[in-house]
Undergrad: 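I'd like to ask you about the structure that follows.
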Amino acid sequence: MDGKNNTNLSDFVLMGLTDSEEIELVLFILFLLIYLITVLGNAGMVLLIHLDPQLHTPMYFFLSHLSFLDLNYSTVITPKTLENLMSFPTYISFEGCLTQMYFFMSLSATEFFFLSSMAYDRYVAICNPLQYPVVMSKTLCHTLITASYVIAFSESFVVVLCISTLHFCKSNVIHHFFCDTTPTLILSCTETHDIEIMIFILGGSTLIVSLITVSVSYVCILTTILKINATSGKRKAFSTCASHLLGVTIFYSTIIFTYLKPSKSYSVGKDQIASVFYTIVIPMLNPLIYSLRNKEVKQALIRVIRREESARHLR
């Protein structure tokens with residue numbers, strides 16, 4: 001298994017999270033529960049926003065796409081992780097590994113752009129409320145979503161295409177629970193410096209553009225909120241941004257901790273814990289963050305349930 005002198009490996013072995021069967025069983029049950037909550041929460045959010053006309057606003061338009069993204073983001077990683085926990089060794093084909101890596105990178109980058117768009121939406125809503133319907137038009141909203149997907153998927157395609165040209169002759173054992181870039185590049189017997197630089201530049205530029213957009217938006221929002229005299233007005237303005245700011249902070253901090261460093265500094269334990277958080281836990285947290293503290297979502301849910309009950313009675 002190790003030390004194959006083969007430049008065209010047919011498969012890789014995912015080492016997973018632990019060697020203990022007892023811990024594996026606990027993690028399997030925990031991750032399965034998290035995945036079910038993720039699917040129900042995100043699919044439910046998309047459905048609720050679609051069914052309730054009062055949620056057909058730019059803010060909830062972006063939120064529905066974020067939920068759809070998180071649903072797919074989790075599905076790219078979690079099912080294979082569950083398989084890994086129940087069977088060892090877990091094999092993944094070379095093509096399957098690159099495919100998982102591609103969609104993981106693409107969806108991660110897309111989420112950065114989505115969070116930036118949501119921050120800009122909040123900025124316009126709070127700082128320029130009278131211009132909000134004009135500025136945040138359907139055309140702009142659809143353009144932002146489309147551009148996010150196109151840029152993220154294009155960047156990721158270039159990276160994965162370059163990785164596919166590498167020769168893997170050191171080993172086919174990936175010390176991770178999914179095909180991430182850093183633990184995969186470590187296995188290459190070809191020089192990876194240029195690819196690492198390219199990943200750093202593309203990933204760093206995506207992060208910086210997103211971070212600047214979010215930071216500037218929230219500095220302007222905070223400045224505007226502090227100028228509001230009424231306490232109720234300040235509270236309402238803060239409440240509309242608090243959920244998004246919390247989601248942004250959690251996602252950005254774990255990504256920065258994991259990726260903005262050389263591959264040689266990769267740490268199996270620490271990086272795997274961070275990876276579990278942003279690949280499995282965060283997609284579950286997002287619908288909870290954006291719904292539990294949101295009166296509009298709760299009211300929309302009540303309206304949809306009552307409407308369904310009324311329709312059932314009429315039948």
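As a basis for the values below, the full set of heavy atoms in this structure was taken, side chains included, without hydrogen atoms, waters or symmetry mates. Since this is a predicted model, take the numbers as computed values, not measurements.
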Undergrad: Let's go through I37 and L33 carefully: what are the C-alpha distance in whole Å and the side-chain angles of both, what is the deciding distance for side-chain contact (heavy atoms from CB on, under 4.5 Å) to 0.1 Å, and is it a yes or a no?
TA: CA-CA 6 Å; I37 295 172; L33 181 61; 4.2 Å; yes

Undergrad: Any sub-3.5 Å donor-acceptor pair from Y102's side-chain atoms to F153's backbone N or O?
TA: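 Pair found, side chain donor or acceptor close to backbone of F153.
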
Undergrad: Centres of the F61 and H65 rings: under 6.0 Å?
TA: yes

Undergrad: Taking the six-membered ring for Trp, are F251 and F277 ring centroids under 6.0 Å apart?
TA: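 No.
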
Undergrad: Are the side chains of I77 and F104 in touch, meaning some heavy atoms are under 4.5 Å apart?
TA: yes

Undergrad: Kindly indicate whether the side chain of L166, heavy atoms from C-beta on, has any atom under 4.5 Å from the side chain of F168.
TA: yes

Undergrad: So K80 and Q100, do their side chains get closer than 4.5 Å, heavy atoms only?
TA: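 Yes; the side chains approach each other to less than 4.5 Å.
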
Undergrad: My understanding is that only residues two or more places apart in sequence, or in another chain, count here; which of them pass side-chain contact (heavy atoms from CB on, under 4.5 Å) with L51?
TA: L47, V304, R307

Undergrad: Look at the SG atom of C179 and the SG atom of C97, then say if they are under 2.5 Å from each other.
TA: yes

Undergrad: Is the shortest heavy-atom distance from the side chain of I145 to the side chain of F62 under 4.5 Å?
TA: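 Yes, at least one pair of side-chain atoms sits under 4.5 Å.
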
Undergrad: State yes or no: are the ring centers of Y252 and F112 separated by less than 6.0 Å?
TA: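 Y252 vs F112: aromatic centres under 6.0 Å.
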
Undergrad: Is the distance from the ring center of Y123 to that of Y218 below 6.0 Å?
TA: no

Undergrad: Would you list the pairs meeting ring pair (Phe, Tyr, Trp, His ring centres under 6.0 Å) in which at least one residue belongs to residues 17-42, sequence neighbours left out?
TA: none

Undergrad: Pick out which of L211, I212, T213 makes a side-chain contact (heavy atoms from CB on, under 4.5 Å) with S215.
TA: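 Answer after filtering L211, I212, T213: L211.
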
